[in-house]
Amino acid sequence: MRLKLDSLNEPQREAVLHTEGPLMVIAGAGSGKTRVLIYRIAHLIEQSTDPFRIMALTFTNKAANEMRQRIEKMIGNEARNIWMGTFHSIFSRILRFEAERLNYPSNFTIYDTDDSKSLLRSIIREAALDDKVYKPNVVLGRISMAKNRLISWQTYINDPFYRADDEVAGRPEMGRLYKLYQQRCFKSGAMDFDDLLFNTNVLFRDHPDVLHKYQHRFRYLLVDEFQDTNVSQYLITKKLAAVHRNLCVVGDDAQSIYAFRGADIQNILNFEKDYPELKTVRLEQNYRSTRNIVEVANSLIKHNDRQLRKEVWTDNEQGDQIELIKASSDAEEARLVATSIFEDKMNGALRNQDFAILYRTNAQSRNVEEALRKMNIKYRIVGGLSFYQRKEIKDLLAYLRFVVNHNDEEALKRIINLPKRGIGDTTIAKLIVMANENDVSLWDIIGNIYTAMSGRTANSIDAFANLIKSFDLAMQTKNAFEVASQVARESGLLKELYEDKTPEGISRYENVQELLNAIKEFVDNPENEDKTLGTFLQTVSLLTSWEDDQNKDPDRVTLMTIHSAKGLEFRNVYVVGMEEDLFPSQMMLNSREDLEEERRLFYVAITRAEKKLTLSYALSRYRFGNIRSCEPSRFLQELDGQYLKVTRRFRTEEAAPRPTRFAAQFKRAGAPVKRIPVNGKSAHQPSANFRPSDPMRLKAGMTVEHPKFGFGTVSAVEVQGNDRKARINFQQHGEKTLLLSFAKLMIHE
DNA sequence: GGCCGTTTCGTTTTT
DNA sequence: CGAAACGGCC
């Protein structure tokens with residue numbers, strides 16, 4: 001293989017060829033950043049570097065997958081041997097090898113955010129603290145912040161600065177919670193996402209021989225999206241590169257959008273200080289977008305104060321102006337976008353896959369989906385509710401996790417009474433207290449339950465323990481797939497789902513089968529050397545997306561958040577919801593830095609487009625249960641108007657629903673809010689569960705009668721969540737929306 | 001313990 | 001709005 005470098009421009013070539021010594025590539029949007037990385041790796045291998053000695057780190061799974069595919073296409077099978085992946089996946093792999101050094105089991109569990117929050121909730125409760133003050137979310141955020149800065153609980157507790165901070169915030173016990181949380185995670189043999197990085201740092205700090213091994217092993221390190229790394233990640237790479245000093249980082253400060261996870265542009269500045277011999281290369285020519293798009297993006301980003309000097313330019317054609325769609329409501333906005341896509345497809349002979357619709361929050365996808373469905377345009381959603389977050393999937397995974405690691409407290413809590421075996425919350429809480437008091441693991445107690453208690457509950461617990469023990473045996477002789485199938489069967493999970501013949505039940509059953517298939521594929525894949533269930537679970541914990549059948553059909557319009565869109569490009573891009581408070585997000589407007597990050601996010605969105613960019617906003621929008629009137633985003637004003645074509649495509653003014661003022665807004669203004677009494681009770685939003693196994697005869701528009709609330713009209717029927725619950729939107733007197741029990745409704749047909 | 005209805009609460013992005 | 005916590009009752 002002879003690598004052809006003529007297709008690269010001068011700075012790109014420089015970045016590829018400068019293999020020895022530290023290198024920083026400041027790469028503007030669309031400047032061929034990934035290309036440089038791939039050529040660089042190919043070049044290294046061509047110069048007979050063993051792929052095993054190259055480590056390429058990315059920030060997201062998607063970026064890692066894309067890089068892997070492209071490099072495999074270029075250099076073939078050898079690419080498999082490169083250590084390439086996200087920070088979290090690569091270092092969880094290393095932690096797995098070296099777990100003993102940290103006194104962790106090698107099959108440690110990885111807690112996702114839900115596990116962490118649930119664990120914190122128990123800890124807060126056990127510590128008898130007020131969970132209104134110590135909200136699990138807030139506490140977890142604080143702990144995460146500390147870990148990203150490599151502050152251990154020991155340091156945190158003794159740090160006067162943090163203590164003062166917590167006192168002011170009214171949360172003096174924060175340090176103690178951090179400590180308890182870490183100890184419980186450790187006892188459960190579990191690490192959360194931040195621990196994966198934190199503990200890698202600890203491993204390298206306390207075990208010089210381990211560090212030494214990896215330092216010498218990895219001769220070349222590459223970090224993609226360097227602007228998104230936090231201190232913890234930076235220090236890991238710095239340590240790993242300390243021997244060979246062949247660290248290449250690629251990034252763009254204008255696209256730094258992960259400060260909320262501790263990413264710090266400061267890393268770029270520190271990098272220059274840490275490596276005086278650093279070579280810096282700037283890629284400023286954009287090959288992706290039209291001149292209009294590049295220039296309008298530049299006109300936006302110059303409003304940011306904090307940025308490196310860089311001038312992105314392009315040789316490409318001028319292109320069409322940027323379109324701006326002004327709609328009266330969110331629903332109309334979606335319709336207009338769908339219509340626009342339809343017309344563009346016809347006029348330009350384009351395919352679905354040429355389009356992407358980007359938004360700030362996942363919740364915004366709903367309207368757009370509906371509009372696309374109505375126009376028969378196929379789409380796919382990236383991110384959002386993932387396959388792995390479905391209840392039935394989490395249930396089976398919890399079983400598998402527990403089979404692999406009997407100390408996993410969160411998994412145990414999830415499965416011990418699933419299917420129902422008469423072990424309630426009270427019992428579980430009691431067991432946890434027992435375990436803590438005697439300083440043994442929960443499993444120790446459950447495995448020998450008769451020494452602690454007797455009676456019917458004890459029998460149930462003993463039966464559960466025996467079930468788990470029977471899987472232990474299977475683990476020794478069978479492969480991951482066989483164990484998983486056995487667990488699914490013998491735990492009763494599969495049976496319970498199989499018996500549920502509702503459409504949702506059938507789909508849940510299929511999902512579980514799909515998970516089992518995935519495990520089978522994992523086992524059958526010759527590329528995977530380690531076929532244990534533990535490895536599968538760790539891999540899966542770090543995944544967020546699922547390649548289902550929908551995603552395999554490539555010709556679909558792509559819907560996703562701007563965060564997920566980073567690194568991708570599309571011919572035509574729509575950015576919807578360009579409204580103040582939504583984008584920039586209301587939650588982000590705390591400081592000037594926050595606003596700048598939102599602006600960079602918009603910059604990322606704009607620069608995804610190759611040929612055509614369309615922005616849209618709605619004058620009123622359904623949000624948090626209310627219709628709110630909206631102001632156009634300040635970012636629209638910051639765009640240079642000469643590149644914009646305002647296509648005021650909303651219909652008539654009176655078509656716009658009049659924005660309604662709601663209780664929440666009055667409340668904010670300080671006015672007293674009265675609850676609307678229903679039948680004398682202050683039932684503002686009555687709701688109820690029902691069994692969808694009842695025939696779903698209910699349709700919008702039907703007149704129904706409720707024993708308590710009287711007659712009304714059904715405005716919507718929907719199934720809620722994965723549980724056996726559903727809600728009816730029920731309009732009474734044309735004004736108020738109530739949520740009612742389905743079971744008790746009389747249907748007047 | 002578990003069902004069922006009620007209340008509260010968070011509402012952003014990813015690993 | 002929707003998820004999850006809560007609380008009363010069998």
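Predicted model, so just to flag it, every value in this text is computed and none were measured. When reading the values below, keep in mind they use all heavy atoms of this one structure, side chains included, and skip hydrogens, waters and symmetry mates. Order of the sequence lines sets the chain letters (A, B, ...), proteins ahead of strands, with each chain counted from 1.
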Problem - Short side-chain N/O contact from A/R261 to OP1 or OP2 of B/dT12, under 4.0 Å - result: no
Problem - Residue met sooner reading DNA chain B from 5', once A/T361 and A/L542 are mapped to nucleotides - result: A/T361
Practice task
Grab the CG-P distance between A/L543 and B/dT15 for me, whole Å please.
Solution key: 9 Å
Practice task
Determine the contact category for A/K62: base if any of its heavy atoms lies under 4.0 Å from a base atom, sugar-phosphate if only primed atoms, P, OP1 or OP2 are that close, otherwise nothing.
Solution key: nothing
Problem - pi-stack flag for A/F260 and B/dT13, centroid dist under 5.5 Å, interplanar under 30° - result: yes
Handout entry: Pair A/D192, A/Y181: side-chain N/O donor-acceptor within cut-off below 3.5 Å
Key = yes
Handout entry: Chi angles and distances behind the side-chain contact (heavy atoms from CB on, under 4.5 Å) call for A/F464, A/I415
Key = CA-CA 10 Å; A/F464 172 76; A/I415 62 170; 3.9 Å; yes
Practice task
Write down the distance between CD1 (A/I257) and P (B/dT13), rounded to a whole number of angstrom.
Solution key: 12 Å
Practice task
Under 3.5 Å for both distances, Watson-Crick or G-U wobble, that's the pair rule; now give the dot-bracket for DNA chain B, with | marking pairs to another strand and [ ] for crossing ones.
Solution key: ||||||||||.....
Problem - Under 4.0 angstrom between A/R366 side-chain N/O and C/dG2 OP1 or OP2 - result: yes
Practice task
Give a yes/no on whether any side-chain N or O of A/K132 is located under 4.0 angstrom from OP1 or OP2 of B/dC9.
Solution key: yes
Exercise for the section: Give the rounded distance in Å between these two atoms: CG of A/N61 and P of B/dT13. Expected result: 17 Å
Fill in the blank from the handout: Which of A/N362, A/N367, A/T361 passes side chain to side chain donor-acceptor pair (under 3.5 Å) with A/Q364? It is A/T361
Exercise for the section: Any chance you could lay out the side-chain hydrogen bond (donor to acceptor under 3.5 Å, both in side chains) test for A/Y258 and A/N230, step after step, and finish with the verdict? Expected result: CA-CA 9 Å; A/Y258 283 102; A/N230 58 36; over 6 Å; no
Handout entry: A/E126 atom CD, neighbour heavy-atom count above 12 within 6.0 Å
Key = yes
Practice task
Establish, with yes or no, whether the OP1 or OP2 oxygen of B/dT13 is under 4.0 angstrom from a side-chain nitrogen or oxygen of A/N362.
Solution key: yes
Practice task
Compare side-chain N and O positions of A/T113 against OP1 and OP2 of B/dT15 and report whether any pair is under 4.0 Å apart.
Solution key: no
Completion exercise
When rounded to whole Å, the CG to P distance for the pair A/L537 and B/dT15 reads 19 Å
Exercise for the section: Spell out yes or no: do the side chain of A/R360 and the base of B/dT13 have one donor N/O and one acceptor N/O closer than 3.5 Å? Expected result: yes
Exercise for the section: Would you check if there is a donor-acceptor pair between the side chains of A/K566 and A/T60 at a distance under 3.5 Å? Expected result: no
Exercise for the section: Answer with base, sugar-phosphate or nothing: what part of the nucleic acid does A/R456 contact at a heavy-atom distance below 4.0 Å? Expected result: nothing
Handout entry: Euclidean distance, atom NZ of residue A/K566 to atom P of B/dT15 [Å, nearest integer]
Key = 11 Å
Practice task
Using the P atom on both, measure B/dT13 against C/dA4 and round to a whole Å.
Solution key: 15 Å
Handout entry: salt_bridge(A/K394, A/D114) N-O dist < 4.0 Å
Key = yes
Practice task
Answer yes or no: does a side-chain N or O of A/S585 lie under 4.0 Å from OP1 or OP2 of B/dT13?
Solution key: no
Handout entry: Residue-level proximity of residues 417-427 of chain A to DNA chain B when a heavy atom falls under 4.0 Å
Key = A/N417, A/K420, A/G422, A/G424, A/D425, A/T426, A/T427
Handout entry: Spacing of A/M560 atom CE relative to B/dT13 atom P, expressed in whole Å
Key = 15 Å
Practice task
Select base, sugar-phosphate, or nothing to describe what A/S541 touches, counting heavy atoms under 4.0 Å on all strands.
Solution key: nothing
Practice task
Among B/dT13, B/dT8, B/dT15, find the nucleotide with the atom closest to the side chain of A/T60.
Solution key: B/dT15
Practice task
Carefully, step by step, assess A/K391 and A/R414 under the rule side-chain contact (heavy atoms from CB on, under 4.5 Å).
Solution key: CA-CA 10 Å; A/K391 183 180 177 299; A/R414 198 176 177 102; 3.9 Å; yes
Practice task
Specify the separation, in whole Å, of atom CG of A/L120 and atom C1' of C/dA5.
Solution key: 16 Å
Exercise for the section: Run the salt-bridge test on A/R261 and A/D228 with the 4.0 Å N-O cut-off and return the result as yes or no. Expected result: no
Practice task
Specify the separation, in whole Å, of atom OH of A/Y111 and atom C1' of B/dT14.
Solution key: 21 Å
Exercise for the section: Ignoring backbone atoms, test whether A/R600 places a side-chain nitrogen or oxygen under 4.0 Å from the OP1 or OP2 oxygen of B/dT13. Expected result: no
Problem - Touch class at under 4.0 angstrom, heavy-atom based, for A/N137 against every strand present - result: sugar-phosphate
Exercise for the section: Before accepting this row, confirm whether a basic side-chain N of the pair A/R401/A/E410 lies closer than 4.0 Å to the acidic partner's carboxylate O. Expected result: no
Practice task
Give A/F87 one of three labels, base, sugar-phosphate or nothing, depending on what nucleic acid heavy atoms sit under 4.0 Å from its own.
Solution key: nothing
Exercise for the section: Report yes or no: does A/S616 contribute a side-chain atom to a donor-acceptor pair with the main-chain N or O of A/E333 at less than 3.5 Å? Expected result: no
Completion exercise
Checking B/dT12, B/dT15, B/dG10 against the side chain of A/T86 (C-beta onward), the nearest is B/dT15
